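In what follows, a structure is listed as structure tokens, so that the remarks can point back to it.
Order of appearance sets the numbers: ligands from 1, and atoms from 1 within every ligand. This structure is a prediction, so every number in the text was calculated from the model and none was measured. Values reported hereafter were calculated over all heavy atoms of this structure, with side chains retained and with hydrogens, waters and symmetry mates removed.
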Amino acid sequence: MKKILVCGAGGFIGGHMVGALLGQGHRVGAVDRKPLENWCQLHAGAESRTLDLQRREACAEAVRGYDEVYNFAADMGGMGFIENNKALCMLSVLINTHLLVAARDAGVERYFFASSACVYNAAKQMSADVVPLAEADAYPAMPEDGYGWEKLFGERMCRHFHEDFGVATHVARYHNIYGPQGTYDGGREKAPAAMCRKVIEAVLANELEIEIWGDGSQTRSFTYIDDCIKGTLMLMSGDCAEPLNIGSSELVSINQLVSIVEEIAGVKLARKYNPSAPKGVNGRNSDNTLIKSLFGWEPSTRLRDGMERTYRWIYDDMMRALRQGRPSAMNR
Ligand code: NAD
């Protein structure tokens with residue numbers, strides 16, 4: 001049994017990670033900036049508290065006494081958020097920087113940083129028919145403006161804290177993680193959750209139309225939360241200090257994603273395309289050669305199966321919100 005701190009534990013991935021670590025029998029500390037009532041999941045078995053990890057003293061206080069630290073804390077959201085809030089995204093460098101210093105000073109044994117496929121060179125993602133991105137494709141550096149630069153800088157900080165100070169750092173590049181217990185409205189939601197919500201809203205309002213950002217031809221791979229957690233735990237149990245893709249390689253267009261959700265909901269909607277909305281790069285997929293060679297494993301949940309579970313959870317949560325008179329889940 002270890003003492004493990006999860007930062008950003010009130011968010012989507014952090015909430016799932018706290019549950020997984022408790023399930024393994026560890027003693028888990030959970031920290032987030034949000035008040036506890038707004039956490040995506042609050043696990044009774046964890047020691048949960050509210051701290052702003054952009055503050056150096058808060059990081060020192062948070063990591064004290066822990067063997068391992070997982071850093072999921074970041075000011076982030078889907079394309080709509082990161083394209084319009086570049087400075088806020090970049091301010092998350094404070095979190096990772098202060099946490100690394102605190103981890104080094106406290107003698108933390110292992111440190112995890114949640115990076116993103118947004119670090120990849122934009123020039124390698126011009127076509128919807130994209131060549132899957134291998135870890136080396138982050139250089140020469142031309143990441144997503146704002147959010148991607150913050151992640152790339154965070155990766156480099158981990159690398160140099162490992163090389164210069166001996167901190168055992170591990171970095172995952174997540175590719176579009178989705179699943180139950182995530183944000184689906186309020187402006188920070190990502191495409192899979194947004195599509196589920198929009199389809200449910202259209203059905204409830206009997207207005208059988210859906211707005212799609214861009215022309216829907218842009219491609220992505222979407223990674224189910226269980227695969228994300230499994231891959232992250234594997235990474236933290238090994239000795240890979242280089243950034244590692246944790247991403248599904250099942251490439252779909254946004255139009256195909258919408259069709260999957262329509263099929264789950266049993267409806268067909270008219271598609272209204274919004275070419276001026278943020279849509280990100282034209283194509284992105286995960287090359288899983290490295291993760292397969294290290295662990296003999298890659299994310300394998302079929303998108304249709306993961307979306308089914310995600311849709312059901314969002315539908316139930318929206319119904320709960322309606323019954324409770326809560327306008328939406330946007331405060332989470
Ligand atoms: P999330 O927004 O649900 O969770 C992030 C949490 O960090 C939030 O609860 C937020 O309140 C907290 N936080 C922000 N600033 C903080 C601060 N100053 N102090 C303490 N807590 C703070 O996001 P998520 O989807 O769970 O993502 C977790 C991590 O994984 C993030 O670093 C994100 O950039 C990265 N990532 C996620 C995805 C994805 O598709 N979800 C993809 C790539 C990378």
Step-by-step side chain to side chain contact (heavy atoms under 4.5 Å, CB included) determination, Thr219 to Asn285:
CA-CA 8 Å; Thr219 54; Asn285 197 3; over 6 Å; no

Given Glu155 and Ser115, is the side chain to side chain donor-acceptor pair (under 3.5 Å) satisfied, shown in steps?
CA-CA 7 Å; Glu155 288 188 1; Ser115 185; 2.7 Å; yes

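Comparing heavy-atom distances from atom 21 (N) of ligand 1 across Arg33, Glu189, His98 singles out Arg33 as nearest. Closest to atom 44 (C) of ligand 1 by heavy atom, among Ser115, Cys7, Gly179, is Ser115. For atom 13 (N) of ligand 1, the choice among Ala117, Gly154, Gly247, Ala74 with the nearest heavy atom turns out to be Ala74. For atom 29 (C) of ligand 1, the candidate residues are Phe72, Trp39, Phe12, Tyr70; the nearest heavy-atom contact is made by Phe72.
With a 4.5 Å cut-off on side-chain heavy atoms, Val93 and Met157 do not count as touching. A heavy-atom distance below 4.5 Å is not found between the side chains of Thr310 and Pro192. Counting only heavy atoms from C-beta outward, the side chains of Asn245 and Leu290 never approach each other to under 4.5 Å.
Between the side chains of Ser253 and Asn255, no donor-acceptor pair of N or O atoms lies under 3.5 Å. With 3.5 Å as the limit, one finds no donor-acceptor pair spanning the side chains of Asp129 and Ser127. Judged purely by distance below 3.5 Å, without hydrogens or angles, the side chains of Arg110 and His170 pair a donor atom with an acceptor atom.
Between the Arg33 side chain and the Gly10 main chain, no donor and acceptor come within less than 3.5 Å of each other.
In this structure, the ring of Phe112 has its center less than 6.0 angstrom from the ring center of Phe72.
Annotation: cation-pi geometry not satisfied between Arg197 and Tyr184 (NZ/CZ under 6.0 angstrom from ring centroid, within 45° of ring axis). For Arg284 and Tyr120, the positive end is not near the middle of the six-membered ring at less than 6.0 Å and at most 45° from its axis.
In the vicinity of Lys190, heavy-atom distances shorter than 4.0 Å reach the ligand 1 atoms 25 (O), 39 (C), 40 (O), 41 (N). In the vicinity of Gln54, heavy-atom distances shorter than 4.0 Å reach the ligand 1 atoms 18 (N). Taking every heavy atom of Ile177 and a limit of under 4.0 angstrom, the matching atoms of ligand 1 come to 39 (C), 40 (O), 41 (N). For ligand 1, the atoms lying closer than 4.0 Å to a non-hydrogen atom of Gly11 are 3 (O), 4 (O), 9 (O). Annotation for ligand 1: atoms under 4.0 Å from non-hydrogen atoms of Gly8 are 6 (C), 7 (O). Numbered from 1 in the order shown, with element, the atoms of ligand 1 that lie under 4.0 Å from a heavy atom of Asp52 read 17 (C), 18 (N), 19 (N). Here is the list of ligand 1 atoms found below 4.0 Å of a heavy atom in Lys34: 9 (O), 11 (O). Here is the list of ligand 1 atoms found below 4.0 Å of a heavy atom in Ile95: 15 (N), 16 (C), 17 (C), 18 (N).
The closest approach between a heavy atom of Thr183 and any atom of ligand 1 is not below 4.0 Å. Within the 4.0 Å heavy-atom shell around ligand 1 one finds Lys151. Residue contacts with ligand 1 include Tyr147, since one or more of its heavy atoms lies under 4.0 Å from the ligand. Within the 4.0 Å heavy-atom cutoff, Leu51 counts among the residues contacting ligand 1.
Residue Asp32 has at least one N or O atom closer than 3.5 Å to an N or O atom of ligand 1. Residue Met76 has no N or O atom closer than 3.5 Å to an N or O atom of ligand 1. In terms of N/O distances under 3.5 Å, ligand 1 is not approached by Ala73.
Residue Asn176 touches ligand 1 through its backbone alone, judged by heavy-atom distances below 4.0 Å.
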